[in-house]
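Below: one structure, written as structure tokens.
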Amino acid sequence: MKIAILPGDGIGTEIVAEAVKVLQVLDLSFEMETAPVGGAAYEAAGHPLPEATLRLAMDSDAVLFGAVGDWKYDKLERALRPEQAILGLRKHMGLFANFRPAICYEQLTHASSLKPELVAGLDILIIRELTGDIYFGQPRGRRTAVDGHFPGAEEAFDTMRYSRPEIERIAHVAFQAARKRGKKVTSVDKANVLETFQFWKDVVTEVHKEYPDVELEHMYVDNAAMQLVKAPKKFDVLFTGNMFGDILSDEAAMLTGSIGMLPSASLNAKGQGLYEPSHGSAPDIAGQGVANPLATILSAAMMLRFSLNQPEAADRIESAVKAVLSAGLRTADIWSEGTIKVGTREMGDAVVAAITGKTITKS
Ligand code: IPM
Ligand code: MG
């Protein structure tokens, strides 16, 4: 078993270091190899996703990814920006199925900006299609408009598109995931306006015939954004395309108290996966040792479960995270009156201690 470790930029290096520490105390035999990605790779090798990094990722069973991006690269041409690394990995590895669980831990009910009764016990699984839609659709670019409201003017355009097989395979993923939990899928679209998402809705409805035991509901994306803050617990599996999934997963993250708690898995047809926190590189707090490493640690647990066939080790990590939260330890993003503020490294140490059976003291 081989894991590619790609820490990336900003807080990426700090949080990935904690997850690696946690993986190391599990007494499992896997090989880990680190490579630069994102802005760090641009600095080291002139490209955000160097050939060697891509090869390492493709040759591994799983990739543990930190985060990429920094404002200082915003002026680079698009192909060299850090974000291209994660988009390139998704594309080249064919990581079409993105799982973003949004779980509100009992201990963090009060960290959410919503009323506790709205989020207590929240457990949503967002399944986002990750290699299609307007993110990857061609053609795209800038040109002189030949029609539209201002013919002759400079314009930019992207292409939203989905093929039948792309929708079918992710729909199967969503229905199968729902079978293992609340047996309800909410497919989020914009079929009232967009041809692409009328097609999405039609294909999802067809695939659903193979899953009569799973309830399917269709919801427009604007309504879904509203329902997420109105009655989030009504969702079980929230299933959608690439762009709507990007937006709704950040919204769902806030229901749980902090985006610093949310892991994610991105899988391809071969079961290879890339595991990363749902949050970004947070350059504003990078290097200060205050970032929350729990989303990355929980991503490592998802990796053990989905790609490395070690469900018990995954359980151990998840229980340890609950234990440190119960002991009152909080990084700044989830801190509240009456809890103990800790830094990135202390949080990682506490998870390690909980796994190895040492007791966590409250001060
Ligand atoms: C995410 C991020 C990425 C996305 C960016 C960094 C390209 O926001 O994983 O949600 O838009 O998919
Ligand atoms: Mg996003």
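Start at 1 and go down the list; that is how both ligands and their atoms are numbered. If you read the sequence from its start, that first residue is 1, and numbering goes on from there. Since the model is a prediction, treat every value here as computed from it, not as a measurement.
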Query raised in the report: Does the N or O separation between Glu276 and ligand 1 drop below 3.5 Å for any pair?
Result: no
Query raised in the report: Is it the case that Arg164 places NZ or CZ above or below the six-membered ring of Phe199, under 6.0 angstrom from the centre and within 45 degrees of the axis?
Result: no
Query raised in the report: Where does the angle between the aromatic ring planes of Phe99 and Phe306 fall among parallel (under 30°), tilted (30 to 60°) and perpendicular (over 60°)?
Result: perpendicular
Query - Pair Arg305 + Glu318: basic N to acidic O under 4.0 Å - result: yes
Query raised in the report: Judging by distance only, is a nitrogen or oxygen of Tyr135 under 3.5 angstrom from one on ligand 1?
Result: yes
Query raised in the report: For Asp246, is at least one N or O under 3.5 Å away from an N or O on ligand 1?
Result: yes
Report summary line: Within a distance under 2.8 Å of the Mg ion (ligand 2), the protein atoms of type N, O or S are Asp246 OD1
Query - Heavy atom of protein inside 4.0 Å of atom 4 (C) of ligand 1, strictly below - result: yes
Query - Chi angles and distances behind the side chain to side chain donor-acceptor pair (under 3.5 Å) call for Tyr42, Gln84 - result: CA-CA 11 Å; Tyr42 173 74; Gln84 292 305 311; over 6 Å; no
Requested in this report: Below 4.0 angstrom from a heavy atom of Arg128, which ligand 1 atoms are there? Numbered from 1 as shown, please.
Outcome: 1 (C), 4 (C), 9 (O), 10 (O), 11 (O), 12 (O)
Query raised in the report: Between Ser266 and Asn98, is a side chain to side chain donor-acceptor pair (under 3.5 Å) present by the stated rule, with each step listed?
Result: CA-CA 4 Å; Ser266 305; Asn98 183 218; 3.2 Å; yes
Report task. Sort out for me which residue in Glu83, Glu129, Glu276 forms a salt bridge (Lys or Arg N to Asp or Glu O under 4.0 Å) with Arg90. Result -> Glu276
Query raised in the report: Is it the side chain (CB and beyond), the backbone, both or neither of Arg100 that lies under 4.0 Å from ligand 1, heavy atoms counted?
Result: side chain
Query raised in the report: Counting only N and O atoms by type, is there a donor-acceptor contact under 3.5 Å from the side chain of Thr159 to the main-chain atoms of Pro139?
Result: yes
Report task. Determine whether the side chain, the backbone, both or neither of Arg90 has a heavy atom under 4.0 Å from any heavy atom of ligand 1. Result -> side chain
**Report entry** salt_bridge(Arg181, Asp236) N-O dist < 4.0 Å
**Finding:** yes
Query - CA sep, side-chain torsions, deciding dist, call: Glu346, Thr344, side chain to side chain donor-acceptor pair (under 3.5 Å) - result: CA-CA 6 Å; Glu346 290 161 281; Thr344 310; over 6 Å; no
Requested in this report: Provide, to 0.1 Å, the distance between atom 6 (C) of ligand 1 and the closest protein heavy atom, together with that atom's residue and name.
Outcome: Glu83 CG, 4.0 Å
Query raised in the report: Is Gln84 touching ligand 1 with its side chain, its backbone, both, or neither, if touching means heavy atoms under 4.0 Å apart?
Result: neither
